[in-house]
*Asks:* 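The structure's right below; bear with me while I get my questions together.
The chains referred to below are lettered A, B, ... by the order of the sequence lines, with proteins before strands, and numbering in each begins at 1.
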Amino acid sequence: MELKIYEEKKGIIVSGLNDFEPRHIFECGQCFRWDREEDGSYTGVAHSRVLNVKKEGDIVIFNNTSRSDFEGIWMDYFDIGRDYSAIKEKLRKLDEHLERSVEFGYGIRLLKQDVWETTVSFIISANNAIPKIKKTIDTLSYLANEEIIEYGGRKFYAFPSPETIHMFHEKCVDNCKAGYRAQYIKDSCSMIINRDVDLERLAEFGSHECRKELMRLPGVGPKVADCIMLFALQKFDAFPVDVWVKRVISSLYNQEDMSLNKMREFALGRFGDLAGFAQQYLFYYARENGVGRK
DNA sequence: ATCCAGGGCGGGT
DNA sequence: ACCCGCCCTGGA
C-alpha cells in the first residue's frame with residue numbers, strides 16, 4: 001500500500017502506513033516522553049517539537065506538524081521507511097514465542113531517538129521504574145528550562161543539551177530525583193563536552209566498538225549501552241537484557257541459571273541481526289502479560 | 001514501619 | 001569470568 005500524506009489545518013493525515021500502532025510504539029519501553037491522552041492518542045516531545053499521534057482505522061493523524069516536518073523529521077523518527085511486515089514474517093517463523101509476541105505487539109516500530117537524550121534517559125532508567133523515570137526526565141527538562149513549547153494550552157520542555165545541563169547541573173540534575181544516578185549524569189555530561197566520547201560519531205562504529213565506547217560513560221553498563229544502540233543508533237543487533245527479557249529467556253526458552261551476558265549471547269546467536277526487533281516484541285509481550293513473574 | 005523493584009559499580013573470589 | 005553488597009526513590 002502506498003504512503004499518502006494529506007495536509008490539514010493543524011496537522012497531517014497519513015494513509016498506507018502499515019505496522020504502526022501508537023500504543024505499541026510508545027508503551028514498549030523504548031521512550032519516556034510520550035503520554036497517553038483520554039482519546040487514546042499520544043502526545044510527546046522530541047526534537048524540540050510537540051506532536052500528537054492518533055490512529056483512526058487505517059489512517060494515522062499527526063497533529064501539530066506540517067508536511068515538511070513530517071518528511072524531514074518524523075519519517076525518520078518513526079522509522080517509516082522500514083518494512084516491518086518483512087521483519088515480523090521472519091521473526092514469527094523462528095519459534096512460537098516470537099509468533100505470539102509479534103501477534104501481540106504487531107504495531108511496534110523502533111524509534112530513532114536523539115542519542116544524547118537517550119543516553120541520559122537510560123542512565124536514569126538503571127535500577128528504576130518507568131513512571132519514576134518519566135517523572136525524572138520531565139523534571140530535568142523543566143528545571144533546565146532550555147526551550148518551552150506550547151501546545152493545547154500546556155507547556156512542554158525540550159530535552160536540554162549537554163552544555164545546558166552542565167551549566168545548570170545544580171538546579172536541574174540535583175533536583176530531578178535521579179538519586180545516585182545524578183553523579184553519573186554530571187560526569188557523563190563532562191565527558192561529552194570534553195569530547196572524550198563523541199556521541200554523534202558512534203553510529204559510524206561497528207556494534208562492538210560502539211558498545212565499548214558507550215560503556216566508558218559512567219552509569220552506562222551492558223544493558224544501558226544496548227538500549228542506546230537500539231533506540232538511538234539503529235544498531236539492530238543490540239539485545240538489552242532487563243528483568244523482563246531475563247524472565248522470557250529463562251521461563252519461555254528454558255535457559256535458567258544463565259548469566260545476563262550468556263542470555264544476550266544466546267539471543268544474538270538465535271535471532272542474529274534481528275535480535276533488537278525480537279527483543280522489543282518479546283519485552284512488550286512479557287511485560288503486558290506478566291510472563292515469568294513470581 | 002518495613003519491604004521491594006530496578007542495573008551499575010567496585011570490591012572481592 | 002562470576003558474585004555480592006551497596007547505591008535512591010516511590011509505591012505496596
*Asks:* In whole angstroms, how far is the P atom of B/dC9 from the CG atom of A/D187?
*Replies:* 11 Å
*Asks:* Any base atoms under 4.0 Å from A/D242, or only sugar-phosphate, or nothing? Heavy atoms, all strands.
*Replies:* sugar-phosphate
*Asks:* Using atom CG of A/L260 as one end and atom P of B/dG6 as the other, report the distance to the nearest whole Å.
*Replies:* 13 Å
*Asks:* So, under a plain 3.5 Å distance rule, would you say the side chain of A/Y180 forms a donor-acceptor pair with the base of B/dG7?
*Replies:* yes
*Asks:* How many whole angstroms separate atom OH of A/Y184 from atom P of C/dT9?
*Replies:* 13 Å
*Asks:* I want to verify a distance call: between C/dC7, C/dC2, B/dC9, whose nearest atom is closest to the A/S259 side chain?
*Replies:* C/dC2
*Asks:* Is there a path of hydrophobic side-chain contacts, each under 4.5 Å between heavy atoms of I, L, V, M, F, W or Y residues, that connects A/L214 with A/F239?
*Replies:* yes
*Asks:* What is the distance, rounded to the nearest whole Å, between atom CG of A/L217 and atom P of B/dG7?
*Replies:* 19 Å
*Asks:* May I ask you to say what A/K246 touches in the nucleic acid, namely base, sugar-phosphate or nothing, with a heavy-atom cut-off under 4.0 Å?
*Replies:* nothing
*Asks:* Between A/N127 and A/K135, which is nearer to the 5' end of DNA chain C once each is assigned its nearest nucleotide?
*Replies:* A/N127
*Asks:* Within the 4.5 Å heavy-atom criterion, are A/K223 and A/S125 side-chain neighbours or not?
*Replies:* yes
*Asks:* Suppose we call two aromatic rings close when their centres sit under 6.0 Å apart. Are A/F271 and A/F277 close by that rule?
*Replies:* no
*Asks:* Calculate the interatomic distance between A/I133 atom CD1 and B/dG6 atom P; express it in whole Å.
*Replies:* 10 Å
*Asks:* Whole-Å distance between B/dC9 C1' and A/N261 CG?
*Replies:* 16 Å
*Asks:* So, A/F62 versus A/F78, ring centres under 6.0 angstrom or not?
*Replies:* yes
*Asks:* With heavy atoms under 4.0 Å as the rule, sort A/P131 into base, sugar-phosphate or nothing.
*Replies:* nothing
*Asks:* For A/K132 and C/dC7, what is the distance between atoms NZ and C1' respectively, to the nearest whole Å?
*Replies:* 12 Å
*Asks:* Using the side-chain heavy atoms of A/R247, tell me which of these nucleotides is nearest: B/dG6, C/dT9, C/dC2.
*Replies:* B/dG6
*Asks:* Between C/dG10, B/dG6, B/dG7, spot the one nearest the side chain of A/K177, thanks.
*Replies:* C/dG10
*Asks:* Closest to the A/V243 side chain: B/dG7, C/dG10, B/dG8?
*Replies:* B/dG7
*Asks:* Rounded off to whole Å, could you give me the CD1-to-C1' distance for the A/I130 and B/dG7 pair?
*Replies:* 14 Å
*Asks:* Answer yes or no on whether A/K88 is positioned over the face of A/Y84, meaning its NZ or CZ is under 6.0 Å from the six-membered ring centre and within 45° of the axis.
*Replies:* no
